[in-house]
Structure formats: C-alpha cells, structure tokens
A.B. asks: 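Below are the structure tokens for one structure; questions will follow.
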Amino acid sequence: MTDDLSAVARFLYEAGTLKSTRRSGWWMAGVKDPESVADHSWRTALIASVIAKLEGADPAQAAVLAVWHDSQETRTGDVNHLGKKYAKGEADPRDITADQVAGMPEVLADTIRELVAEYEAKDSPEAVCARDADKLECMIQGIEYRDQGYANAQRWIDNSRGRITTASGQALADAVLETGSLDWLRSALGENP
C-alpha cells in the first residue's frame with residue numbers, strides 16, 4: 001500500500017476519545033456517571049441492525065451508519081438538546097466529518113463522508129432505521145437509569161419513544177417497555193422473568 005495512513009491513525013486515536021466523552025443530557029436527569037458516546041454508539045449499531053432486518057432494509061448498512069452517527073462529537077463534545085438551543089450556527093456533521101477525514105486516502109475519506117451524508121439526509125431505509133435505533137437506545141438507557149433510581153430519566157424514555165417512526169422500531173420499543181431490564185438475566189438463569 002502506497003497511501004499514507006497517518007491521517008487514519010490520527011483519527012483512530014481521535015475516535016477513542018468517545019470512550020470517555022459522556023452523554024451530557026443524562027446529567028440533567030441526575031445521573032452522576034452517564035454512559036459514554038462510544039457506549040451509546042455500540043448499542044445503537046446493534047439495535048440498528050435488528051430494526052433494519054425487521055424492516056427489510058440492509059442491517060449491515062444501518063449498523064455502520066449508527067457507528068458513525070455521533071463520530072463528530074470528538075470535535076464538539078456531546079451537546080444535549082437544551083444546549084443545541086443555544087448553539088447558534090451549530091456545525092453541520094458533514095462539515096465536521098470532512099475535517100476529520102482530511103488527508104486520508106480518498107477512497108476511505110469518500111466512504112466516510114458518504115456514510116455521514118446518508119445518515120444526515122434521513123431518506124434511505126437504513127438511515128431511518130439507524131435514527132430509530134438512536135432513539136430506542138436512548139429509551140433503553142433511560143429505563144436502565146430509572147431502574148437504578150434516577151426517576152427523572154422518565155422524560156427521556158417518553159420523549160425517545162415518541163420519536164421512533166418505523167413499525168418495527170415502535171413494536172420493539174413496546175416490547176422493551178413491557179420487559180424488565182434484568183429479565184434477560186432471570187431468563188439466562190432459568191428463573192421466570
């Protein structure tokens with residue numbers, strides 16, 4: 001390979017900062033040590049693949065869109081919905097991505113820019129599934145926080161549930177709401193959930 005991969009190497013280190021970038025909205029719910037952006041993105045990708053398969057869309061494409069959906073937060077941090085109200089001239093994720101991939105081999109840079117553009121355009125079935133996964137992951141995380149005693153997380157549960165658009169995402173959200181957050185453990189241990 002003759003391409004200089006130093007820009008890719010720099011980005012991989014940059015991406016690692018998402019492991020310690022906290023999802024700031026949860027602080028408003030009283031959560032002292034909220035999940036990281038990387039934590040959120042991992043489960044969002046998993047959920048996106050599930051919703052996409054149920055919707056007849058490409059689960060791999062939906063998952064990869066979900067992986068990249070918050071990658072720009074390495075540069076901006078996690079700006080919650082209230083903060084966005086005051087962030088005048090908020091940077092377009094596509095512009096941030098263009099800066100992030102500058103200097104990368106063009107075939108890679110083009111691919112990453114296309115993924116972010118597809119997610120932001122919201123018009124492919126996979127992007128719609130990835131966006132629903134983003135909301136469903138927030139809802140599930142809210143349920144887990146509520147179950148840990150953070151009653152104010154209910155607002156995030158309700159708001160996230162109301163923003164899910166696909167039939168499969170809505171059905172899955174209903175199933176999540178009817179399932180206890182530790183029912184998986186009870187089931188694995190042979191107990192009645």
A.B. asks: Can a donor-acceptor pair be found, under 3.5 Å and without considering hydrogens, that links the side chain of D39 to the backbone of S36?
C.D. replies: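 Yes; judged by distance alone, with no hydrogens or angles, the pair exists.
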A.B. asks: Are the side chain of E14 and the backbone N or O of Q100 linked by a donor-acceptor pair below 3.5 Å?
C.D. replies: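 Not a single qualifying donor-acceptor pair exists.
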A.B. asks: Check for me, please, whether L65 and L172 land in the same ILVMFWY cluster - side-chain distances under 4.5 Å, paths through other members count.
C.D. replies: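 No, L65 does not connect to L172 through the hydrophobic network.
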A.B. asks: For the pair N80 (side chain) and G83 (backbone), establish whether a donor and an acceptor sit closer than 3.5 Å, ignoring hydrogens and angles.
C.D. replies: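 Yes: the side chain of N80 pairs with the backbone of G83.
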A.B. asks: What do you reckon, is CZ of R94 surrounded by more than 12 foreign heavy atoms closer than 6.0 Å?
C.D. replies: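 Enclosed: over 12 neighbouring heavy atoms sit under 6.0 Å from CZ of R94.
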A.B. asks: Please check if Y145 and W156 belong to a single hydrophobic cluster, counting links between Ile, Leu, Val, Met, Phe, Trp and Tyr side chain heavy atoms closer than 4.5 Å.
C.D. replies: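 The answer is yes; both residues are in one hydrophobic cluster.
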A.B. asks: Would you compute the distance between atom CG of L136 and atom SG of C129 and round it to the nearest 0.5 angstrom?
C.D. replies: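 One gets 11.5 Å once the value is rounded to the nearest 0.5 Å.
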A.B. asks: Please answer: with hydrophobic residues joined when any side-chain heavy atoms are less than 4.5 Å apart, are V67 and V101 in the same cluster?
C.D. replies: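 The answer is yes; both residues are in one hydrophobic cluster.
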A.B. asks: Between D33 and R22, is the salt bridge (Lys or Arg N to Asp or Glu O under 4.0 Å) condition met? List the steps.
C.D. replies: CA-CA 8 Å; D33 186 24; R22 297 293 165 206; 3.5 Å; yes
A.B. asks: Can you check whether W27 and Y150 have ring centres sitting under 6.0 Å from each other?
C.D. replies: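 No, the ring centres sit 6.0 Å or more apart.
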A.B. asks: Do the side chains of E118 and R113 get close enough for a salt bridge, i.e. N-O under 4.0 angstrom?
C.D. replies: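 Salt bridge between E118 and R113, a charged N being under 4.0 Å from a carboxylate O: no.
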A.B. asks: For W68 and Y119, I'd like to know if the aromatic rings sit close, meaning centre-to-centre distance below 6.0 Å.
C.D. replies: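 No, they do not, as the ring centres are separated by 6.0 Å or more.
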A.B. asks: With hydrophobic residues grouped by side-chain heavy-atom distances under 4.5 Å, do V79 and M28 end up in a single group?
C.D. replies: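 Not linked; separate clusters.
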A.B. asks: Determine the sole option in R146, R43, H40, R23 for which the side chain to side chain donor-acceptor pair (under 3.5 Å) test with Q141 is passed.
C.D. replies: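 Of R146, R43, H40, R23, side chain to side chain donor-acceptor pair (under 3.5 Å) with Q141 is met by R43 alone.
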A.B. asks: Is there a chain of hydrophobic side chains (I, L, V, M, F, W, Y, each step under 4.5 Å between heavy atoms) that links V116 to V8?
C.D. replies: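 Same cluster: V116 reaches V8 through Ile, Leu, Val, Met, Phe, Trp or Tyr contacts under 4.5 Å.
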A.B. asks: Show your working on salt bridge (Lys or Arg N to Asp or Glu O under 4.0 Å) between R161 and D158 and close with a plain yes or no.
C.D. replies: CA-CA 5 Å; R161 174 61 185 93; D158 297 339; over 6 Å; no
A.B. asks: Atom OG in S181, atom CD in Q148: separation rounded to 0.5 Å?
C.D. replies: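 Spacing of OG (S181) from CD (Q148) equals 8.0 Å.
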A.B. asks: Keeping D78 on the side-chain end and S24 on the backbone end, is there a donor-acceptor pair under 3.5 Å?
C.D. replies: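 Yes, the answer is positive, given that a donor and an acceptor are paired below the 3.5 Å cut-off.
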A.B. asks: Between S160 (side chain) and I157 (backbone), is there a donor-acceptor pair under 3.5 Å?
C.D. replies: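 A pair under 3.5 Å: no.
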A.B. asks: To the closest 0.5 Å, what do you measure between CG (D147) and CD (E144)?
C.D. replies: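 One gets 8.0 Å once the value is rounded to the nearest 0.5 Å.
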A.B. asks: Determine yes or no for a side-chain-to-main-chain donor-acceptor pair under 3.5 angstrom, with E126 supplying the side chain and D58 the backbone.
C.D. replies: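 It does hold such a pair.
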A.B. asks: Look up atom CD in E137 and atom CG in L46, then write down how far apart they are to the nearest 0.5 Å.
C.D. replies: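 If we round to the nearest 0.5 Å, E137:CD and L46:CG are 10.0 Å apart.
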A.B. asks: Let me confirm one number: the CG-CE distance from L108 to M104, rounded to the nearest 0.5 Å.
C.D. replies: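 The CE atom of M104 is 5.5 Å from CG of L108, to the nearest 0.5 Å.
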A.B. asks: So that I can tick it off, tell me whether D132 and K135 are bridged by a salt bridge, with the cut-off set at under 4.0 angstrom between side-chain N and carboxylate O.
C.D. replies: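 So K135 does not pair with D132 through a salt bridge.
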A.B. asks: Looking at CG of D134 and CG of D70, how far apart are the two atoms once the value is rounded to the nearest 0.5 Å?
C.D. replies: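 Output value for this atom pair is 6.0 Å.
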A.B. asks: Would you say that R186 contacts N192 through its side chain, given a criterion of any heavy-atom pair below 4.5 Å between the two side chains?
C.D. replies: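 With C-beta onward as the side chain, the pair stays apart.
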